[in-house]
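These notes concern the structure reproduced below.
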2 protein chains.
Amino acid sequence: MNRKSNRSGDAASPAPGRARMSDVAATAGVSLVTVSRAINEPDKVSPDTLAAVRAAIEQLGYVPNLTAGSLASSRSRIVAAIVPTISNLVFSETIEALAQTLADGGYQLLLGQSGYRAGDEMALVDTFLGRRVDGLVLTGNAQTPALRAKLKRAGVPVVQTWDLPTPPNQPIDMLVGFSNLDAGRAAAEHLLDRGHRALAFIGAEEDRSRLRLEGFRAAAAARGIDDVQAELIRPPALIDDAGPRLAQILARRPEVTAVFCNNDLLAAGVLFECTQRGWPVPGRIAVMGFGDLAVARAASPRLSTVQIRRAEMGERAGQMLLARLSGETDGPTLIDIGFEVVARAST
Amino acid sequence: MNRKSNRSGDAASPAPGRARMSDVAATAGVSLVTVSRAINEPDKVSPDTLAAVRAAIEQLGYVPNLTAGSLASSRSRIVAAIVPTISNLVFSETIEALAQTLADGGYQLLLGQSGYRAGDEMALVDTFLGRRVDGLVLTGNAQTPALRAKLKRAGVPVVQTWDLPTPPNQPIDMLVGFSNLDAGRAAAEHLLDRGHRALAFIGAEEDRSRLRLEGFRAAAAARGIDDVQAELIRPPALIDDAGPRLAQILARRPEVTAVFCNNDLLAAGVLFECTQRGWPVPGRIAVMGFGDLAVARAASPRLSTVQIRRAEMGERAGQMLLARLSGETDGPTLIDIGFEVVARAST
DNA sequence: GTGAAAGCGCTAACAT
DNA sequence: ATGTTAGCGCTTTCAC
């Protein structure tokens with residue numbers, strides 16, 4: 001009952017509803033295939049016909065139906081990406097670079113949020129596969145066995161990001177990331193090198209954050225320090241969680257002199273809390289962040305942090321996908337982009 | 001040459017490539033239509049057949065081809081949204097709430113970034129219309145006449161967000177927003193009421209920010225203050241732009257005692273700059289933000305700001321769209337959700 | 001409650 | 001350089 005019913009205002013608009021490719025063909029006085037070619041492979045059409053077709057398209061306000069095209073060609077020109085949340089700034093640069101790289105290659109990005117829930121991730125993958133996306137970019141490598149199986153069966157190119165394969169997990173297909181374990185370790189070593197012995201950790205209760213905590217603890221233990229206070233925040237971890245969590249840590253262990261926060265915004269929250277208490281940083285307590293977001297360079301004092309090249313990660317993910325989609329079969333399928341400890345004033 | 005070629009590892013996987021609905025039908029011993037019904041309208045199928053169909057789906061690992069479904073039904077169950085950038089936290093809560101509301105209604109969100117460029121917005125709309133999205137959510141109401149015309153011709157439900165219609169612009173279809181002009185005005189009045197006379201503004205060089213500046217200036221002028229220093233940052237405006245811009249303002253006009261920042265993160269950047277200079281806030285300078293993000297409640301001092309109910313905006317946008325898509329013809333099509341000045345410690 | 005036939009709007013061979 | 005013939009995998013009448 002809706003296919004023919006026009007919505008409300010039905011003024012004398014230039015175009016009569018929605019034109020199809022055959023309408024364009026008729027108007028231009030050519031066949032339907034020629035129109036298809038004029039749109040998709042303009043070189044294979046004579047200049048005159050091309051002009052005629054373009055005029056007809058313009059005149060009719062024709063918008064190609066990409067759904068029909070996808071069905072016929074079994075290529076959607078869509079790549080889907082799943083991130084835990086778009087409200088976390090660490091992901092947005094990766095996504096922006098990915099979207100840009102894909103766009104330059106003629107693909108569009110479909111974005112889904114898992115909310116850190118495995119069930120949601122599975123549901124998203126289902127609809128993405130249902131839409132026959134040409135590729136998939138996932139965050140982390142903690143996907144459930146069921147999900148892995150489904151992806152392999154579907155045969156879609158997949159890129160995992162933001163982590164390296166942590167045994168026993170194998171890469172599903174391609175991967176670009178870094179070792180979160182080593183990053184946590186490096187953060188601890190940085191603080192230990194500066195003489196801190198009473199360490200604390202604030203992060204989200206989530207896979208990659210847990211890995212960094214594990215590395216952080218391992219490095220501390222290697223130097224004989226076993227008591228690392230940790231506060232894990234149920235995601236999303238927001239900046240206004242930082243102050244109260246720091247308070248919790250200090251209530252349990254007042255002598256803490258250094259805290260590693262699992263993203264720079266959380267670290268900025270800790271800085272604000274210190275300002276509130278009138279505590280000098282790093283005099284009373286050293287603060288280290290993660291990510292090297294813009295806030296790390298803007299904070300006072302400037303934040304020491306672990307830099308992740310987030311944009312590069314998105315770009316590489318996009319390139320790997322484009323290479324695979326264009327039929328290239330060689331090229332890397334596992335990239336460790338590493339990380340770098342950046343020492344600034346807060347430690 | 002690729003339709004039949006299988007990628008690399010071709011182990012004895014349970015499923016032979018990709019099952020179609022007819023395969024499910026054959027396996028379940030029913031007709032294809034029945035499978036379609038079992039998936040889309042389970043009530044209209046007997047419990048036994050339903051069970052049989054579900055078993056077959058499970059066994060074959062069948063994933064419905066939504067592209068084919070969309071083509072046949074001319075409904076995509078996709079709503080697209082365009083935001084300037086996902087790297088700006090003010091948009092993410094709106095988008096998250098929108099995505100959630102739509103998901104509850106059985107629709108998926110396709111996200112596009114315009115990068116604040118009108119040309120990109122047009123290109124995005126083109127591909128979205130090409131994919132026959134069922135609805136569209138746009139940011140702001142400064143769309144070009146060409147874009148407006150295209151949207152009206154296509155007849156898709158459209159919701160504009162984050163602003164009210166500013167003459168001569170009419171709403172394209174539906175709208176949920178607030179007056180950026182009035183919000184800027186209210187911010188100025190708040191600062192004026194606290195006795196400030198030398199005012200400054202830091203914001204992005206972008207439509208809504210400009211409107212807020214206009215309102216800010218108008219309210220100041222109404223009280224006899226004509227010299228409002230403004231710094232407009234070419235988007236994206238990041239937190240580390242704040243300090244340098246404040247410095248610029250002070251270099252031109254050292255007696256400035258209050259600055260209105262066009263988002264809370266920028267305001268946090270100004271707070272950090274003040275900490276750096278050893279300036280008391282609001283003693284030496286008052287700082288006001290916009291949005292009421294989490295950072296406003298976490299900063300030191302707590303930020304006075306203009307609160308926008310961003311999640312509600314996304315939810316309302318989703319509801320309007322769902323109502324329209326389900327055939328409801330009444331209901332509101334223009335909602336002013338307002339704003340609220342929140343006075344905290346920074347002013 | 002279930003099925004048979006027709007077609008959504010395009011692209012992919014294969015001609016010419 | 002252009003056209004013809006077949007589908008892509010579903011949903012929709014309409015019939016039983």
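A, B, ... follow the sequence lines: proteins, then strands. Residue 1 opens every chain. We use all heavy atoms of the structure for the numbers below, so side chains are in, but hydrogens, waters and symmetry mates are not.
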Grab the CG-P distance between A/N40 and C/dC10 for me, whole Å please. 10 Å
Look at the side chain of A/A68 and decide which nucleotide, out of D/dC10, D/dC8, C/dC10, has an atom nearest to it. C/dC10
I need the B/S114 OG to B/Q143 CD distance, nearest 0.5 Å. 9.5 Å
Got a second to check how far B/E96's CD is from B/F91's CZ, nearest 0.5 Å? 14.5 Å
Categorize B/T49 for me: base, sugar-phosphate, or nothing, with a 4.0 angstrom heavy-atom threshold over every strand shown. sugar-phosphate
Convert the base pairs of DNA chain C into dot-bracket notation, remembering that pairs crossing earlier ones are written with [ ] and that bases paired across to another strand are shown as |; include only Watson-Crick or G-U pairs under 3.5 Å. |||||||||||.||||
A/E93 and B/S87: side-chain donor and acceptor closer than 3.5 Å? no
Scan side-chain atoms only and decide if B/S70 and B/T67 contain a donor-acceptor pair under the 3.5 Å cut-off. no
Interatomic distance, A/E41 CD vs D/dG3 P [rounded to whole Å]: 15 Å
Here the distance between atom P of C/dG1 and atom CD1 of B/I39, to the nearest Å, is 18 Å
In whole Å, I'd like the distance from the CG atom of B/L71 to the C1' atom of C/dG7. 9 Å
Exam field: side chain B/T34 to backbone B/V30, donor-acceptor pair closer than 3.5 Å: no
Let's see if you get this right: which residues in residues 125-133 of chain A place a heavy atom under 4.0 Å from DNA chain C? none
In Å and rounded to the nearest 0.5 Å, what is the CZ to CG distance from B/R20 to B/N65? 11.0 Å
Nearest-0.5 Å distance that lies between atom OG1 in A/T144 and atom NZ in A/K150: 9.0 Å
Does the A/D120 side chain pair with the main chain of A/G115, one donor and one acceptor, at a distance under 3.5 Å? no
In residues 27-36 of chain B, which residues come under 4.0 Å of DNA chain D by heavy atom? B/L32, B/V33, B/S36
Under a 4.0 Å N-O cut-off, is there an ion pair linking B/K152 with B/D173? no
Tell whether A/R37 reaches the base of D/dG3 with its side chain through a donor-acceptor pair below 3.5 angstrom. yes
When you measure from the side-chain N and O atoms of B/R77 to the phosphate of D/dT11, is any distance below 4.0 Å, counting only OP1 and OP2? no
Rounded to the Å, how far apart are B/N65 CG and D/dG9 P? 7 Å
The residue, B/V45 or A/M21, whose nearest nucleotide of DNA chain C is more 5′ is B/V45
Mark yes or no for whether A/Q113, through its side chain, and A/I86, through its backbone, hold a donor-acceptor pair below 3.5 Å. yes
If I take atom NZ in residue B/K44 and atom C1' in nucleotide D/dC14, what distance separates them, rounded to the nearest angstrom? 14 Å
Picking from D/dC10, C/dT11, C/dT2, which would you name as closest to the side chain of B/S46? C/dT2
Taking B/R310 for its side chain and B/S92 for its backbone only, find out whether a donor-acceptor pair lies under 3.5 Å. no
Whole Å only: how far is the CG atom of B/D48 from the P atom of C/dT2? 8 Å
Whole-Å distance between D/dC8 C1' and B/R20 CZ? 10 Å
Between A/R316 and A/E312, does at least one N-O distance fall below 4.0 Å, as a salt bridge requires? yes
side-chain N/O A/Y62 vs C/dC10 OP1/OP2, d < 4.0 Å: yes
